[in-house]
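Every value quoted in this text rests on a predicted model; they were computed, and no experiment measured them. Hydrogens, waters and symmetry mates play no part in the numbers below; they use all other heavy atoms, side chains included.
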2 protein chains.
Amino acid sequence: MATLREIAELASVSVATASRVLNGSAQHHPVSRDVQASVRAAAQTLGYTPSAPAQALKQQRSKIIGVIASDILDPYFAEMTRGIEIEAAKYGYVTILANANRDPDQERTKFRVLREHQVSGIIFCGSDIEGSPGTAELAREVNLAVRSGTRVVALAPRGFDSTKIVIDNVAAAHELTRYVLSLGHRNIAFIGGIPGLSAAEQRIDGYRAAMFEEQAHPHVLGLSGMSQESGKDAVTQLIASGPLPDAIVCANDEVAVGVLAHLWGSGYKTPDDVSVVGIGGARSGAVFGLTTMTLPLVELGGLAARYIATAGTSPEVPAAPRFELHVGSTSAPR
Amino acid sequence: MATLREIAELASVSVATASRVLNGSAQHHPVSRDVQASVRAAAQTLGYTPSAPAQALKQQRSKIIGVIASDILDPYFAEMTRGIEIEAAKYGYVTILANANRDPDQERTKFRVLREHQVSGIIFCGSDIEGSPGTAELAREVNLAVRSGTRVVALAPRGFDSTKIVIDNVAAAHELTRYVLSLGHRNIAFIGGIPGLSAAEQRIDGYRAAMFEEQAHPHVLGLSGMSQESGKDAVTQLIASGPLPDAIVCANDEVAVGVLAHLWGSGYKTPDDVSVVGIGGARSGAVFGLTTMTLPLVELGGLAARYIATAGTSPEVPAAPRFELHVGSTSAPR
DNA sequence: TTGTACGCGTTATCAC
DNA sequence: GTGATAACGCGTACAA
C-alpha cells in the first residue's frame, strides 16, 4: 500500500503538499494547478490509498458510524441499518454493525468496542426493555459518553440521554386502530409485544386509546414476542379460544405475517373471515398484501446517519419522518 | 479518553510497561505482579480504553472484518452476516457491513473502502452475475489484493482467486429434487433465479440433473429474481398457463414464501394441490412449515470469520459445512 | 504557494 | 523486570 511519502517523493513535493492535494484541504490551502496534477498522477500510478487508521488517529475520530441493532435478522432493523449504510456511504462513512440480541450487557460491550474504534457516532436501533438487568449500567455508560461529546442517536424509545429520532408509536397504532374501527369492526384484538419493550407498549397504548374512544373493548394477547412465530402462536390460541374477532391489529409486520400464515394455513380467509393489519411497512408483508402502517425505516436510519456525518456543519436534530397507512388486501369493511 | 501515557504516569511506570500489562504482551514479556496490579488499578480509575486506530496504525492491520453483502435485506445474507458478527466478536473483531446491491461497481468501491480501513480480511456474501459489467475489473482488483496478502473469502461462487468456502449448490438442489421425485411427483417445476447468477444456475443444474435421471421433463420459469415478489409473479404465470404441476422447487426460501403466499391467497392448498420446497433454511420459511434444504448459513459465516481472525495461527481453509433436508408440511407424496 | 516539523496513541526494539 | 525511544501514516501549525 502506497503511502503519502512515496507519493510525495515520486511527485517531488513534500508530504504536506501531497496531503493537501489528496485530502480535501486543498480548498482551504491553495496548491498550484501543476503541482496538484503531478501529485494526482503520482497517486494514480502508485495506487495510493489513504490509511483510515492513520487519519483516525490524527483526527481523533474515524469515519465510522457504529450501529447497535437489537436483532439483525428482523427486517425491521435490517431496513434501518440499510438506510444508515446507504446514507453513511454518501458522506464517505462506513458502518460497523453490532448485534446485541436485546441484551443490555451485550449492548454495553458493543458500545465500548465501538468507542474504542473512535467512531463518529453510535446509533441504537431498537428500544430497550424496561427493568431488564443491565439497563441501568448501560444508561450510565451511555450518558457518560454523551456528556463527553460522543454522538449517540436512538431510533427507538430509550432510557438514556442520547439524541432521539423516534417515530411516534402511540400515534401510529392509534391511527391504525382508528382505521380498522372506521371499517366498522368493533371486536378487534391486538397481538404481539414483549413486556417492558417500550416500542411495543406504546403501540398497545395507542391501540387501547383508540378502542376506548369508540367504547370498544381492547383485547391484548400474545405478549410473547415480535416474531412470526409469536404471531402464529397467538393466533393458534385465539382460534382455540372461540370465534375469531372481526380484526387483528399486530404489533409489527412480522407478527402479522405469522398470523396470516397460520390463518391461511388453517383455511381462514382474509379479509373475509378476519381483517389483519400490521405496523412497519417493511417488505416482509408486501407479498401478502398486508395492510400496514408504513414506518419510514430506511429514511429514519438515513437521518441518523446524516446527523452524525454532518455533525460539524448541521447540529440540529432532524424530526422523525411521518408514518403512512398502506391499505392492502388483508383488511375490509365489516 | 484516557491514554496509555496517562495511565503510565498515574501508575508511575513507563508507557512501555503500561502497554505490556494492558495489551497482552505481558505473557511474552514478564512484568512483576505488583506493577501489573498498579497499572490495572490506574487503568480502572481513569477508565482506560485502547485506541483501535492507534493499534491498527502500529500493527498495519485493524481488528475489523469487512463484509460485502449482495443484499442486506435478504434473510439469506442476513444469516451469514450474523454468523460472521457473532464469531468475529469472539476473537475481539468487529465487522464493517457494506451493501453492494449485486452491483460489481459498488462492490469494487466498497472493497476499496474496506482496504483503506486496513481490515484483516474481507468476506463476500453472495455470488456474482456472470457477464455483469464491472465484474472483470472487480476480479482484477481482488486478485491484486489477494496476491499482496489480503485475506479475501467468498461464501458463494465467484470469479476471482480468493479463498472459497462455498456450499455445493448443485448437490443441494439435486438432493432436494430427488426427494421430491421420491414422493412420486414427476411434473416438477423450478421457480426463481437470475440469469448469470452462479448460485442460482448451479441450483438449476442440480434440479435438471435429478430430473433427467428419472426421465422427467424439467421446466424452469421465473428467472426474474430471488425475491418473494418474483416467486409470486412466477406462480401467477404458472396458474394462468394451465393446471399446476405436482410440485414446485424454488430457487431459495424467499421465492418459496412468495409462491406459498400467492397460492394460499388464491385458494390453493399445499401440499394437497401442489408441493412446494425451497432452499436456504433461514427462518423466513419456518412459519409456513416450508420443506427446505437447510443451508448452514450462520455456521458458514462463522467459519469465514474464524478463518480470518485466526489467520496467523491456523491457515488451513475450512471445508464448507453440509446442507440438510428439513421436511415440513408443504410437501407430501403424490 | 510550498516545506518543516511535530504529535496523534500504540507497539516493538533495544538498552539497562 | 523496566524504561527510553523510534516508528506506523497522516494532518496541520508555523515558517519561508
Quiz item: When you check the phosphate oxygens OP1 and OP2 of C:dT11, does a side-chain N or O of B:N23 lie under 4.0 Å from one of them?
Solution: yes
Quiz item: Given that A:T3 and B:R33 both sit by DNA chain D, which one's nearest nucleotide is further toward the 5' end?
Solution: B:R33
Quiz prompt | Steps toward salt bridge (Lys or Arg N to Asp or Glu O under 4.0 Å) verdict (B:E9, B:R5) | solution = CA-CA 6 Å; B:E9 280 171 11; B:R5 263 230 343 237; 3.8 Å; yes
Quiz item: Does C:dG9 have OP1 or OP2 sitting under 4.0 Å from an N or O in the side chain of B:Q55?
Solution: no
Self-check item: A:D128 side chain vs A:G159 backbone, donor-acceptor pair below 3.5 Å
Solution: yes
Exercise. Round to the nearest Å and state the distance from A:R61 atom CZ to D:dC10 atom C1'.
Key: 17 Å
Quiz item: Cut-off 3.5 Å, side chains only: do B:N101 and B:Q106 have a donor facing an acceptor?
Solution: yes
Exercise. Give the rounded distance in Å between these two atoms: CD of B:E6 and P of C:dC8.
Key: 10 Å
Quiz item: Rounded to whole angstroms, how far apart are NZ on A:K63 and P on D:dG11?
Solution: 11 Å
Quiz item: Counting distance only, does the side-chain N/O of B:R151 pair as donor-acceptor with the main-chain N or O of B:T163 below 3.5 Å?
Solution: no
Quiz item: Checking all strands, does A:P53 fall into the base, sugar-phosphate, or nothing category for heavy-atom contacts under 4.0 angstrom?
Solution: nothing
Quiz item: Within less than 4.0 Å of OP1 or OP2 of D:dG11, is there a side-chain N or O belonging to A:S19?
Solution: yes
Practice problem: May I ask you to evaluate whether B:S14 reaches the phosphate of D:dA4, defined as a side-chain N or O under 4.0 Å from OP1 or OP2? | Solution: no
Self-check item: Whole-Å gap separating P (D:dT2) and NE2 (B:H28)
Solution: 17 Å
Exercise. Using whole Å, report how far CZ of B:R5 lies from P of C:dT11.
Key: 15 Å
Exercise. Name the nucleic acid region contacted by A:L4, choosing base, sugar-phosphate or nothing; use a 4.0 angstrom heavy-atom cut-off, strictly under.
Key: sugar-phosphate
Practice problem: Using only side-chain N and O atoms of B:T17, determine if any of them is under 4.0 Å from OP1 or OP2 of D:dT2. | Solution: no
Quiz item: What about B:R20: does its side chain form a donor-acceptor pair under 3.5 Å with the base of D:dG1?
Solution: no
Quiz item: If you pin A:V35 and A:V15 to their nearest nucleotides in DNA chain C, which one's is more 5'?
Solution: A:V35
Self-check item: Heavy-atom donor-acceptor pair, B:K58 side-chain to C:dT10 base, under 3.5 Å
Solution: no
Quiz item: Do any N or O atoms from the side chain of B:E141 and from the backbone of B:L138 form a donor-acceptor pair under 3.5 angstrom?
Solution: no
Self-check item: Nucleotide D:dC10, atom P - distance to CG of A:L22 in whole Å
Solution: 9 Å
Practice problem: Take the protein atom NE2 of B:H117 and the nucleotide atom P of D:dC10, then report the distance between them rounded to whole Å. | Solution: 13 Å
Exercise. Determine whether any donor atom in the side chain of A:H29 lies under 3.5 Å from an acceptor atom in the base of C:dT2, or the reverse, and answer yes or no.
Key: yes
Practice problem: Please check the phosphate of D:dC8 (OP1 and OP2 only) for any side-chain N or O of B:Q118 closer than 4.0 Å. | Solution: no
Quiz item: Expressed in angstrom and rounded to an integer, what is the separation of B:E116 atom CD from D:dC10 atom P?
Solution: 10 Å
Quiz item: So does B:Q60 get a side-chain nitrogen or oxygen closer than 4.0 Å to the phosphate oxygens (OP1/OP2) of D:dG9?
Solution: yes
Self-check item: Audit row: B:L295, B:Y76, side-chain contact (heavy atoms from CB on, under 4.5 Å) steps and yes/no
Solution: CA-CA 9 Å; B:L295 308 181; B:Y76 188 81; 3.6 Å; yes
Self-check item: OP1 or OP2 of C:dT1 under 4.0 Å from side-chain N/O of A:S32
Solution: no
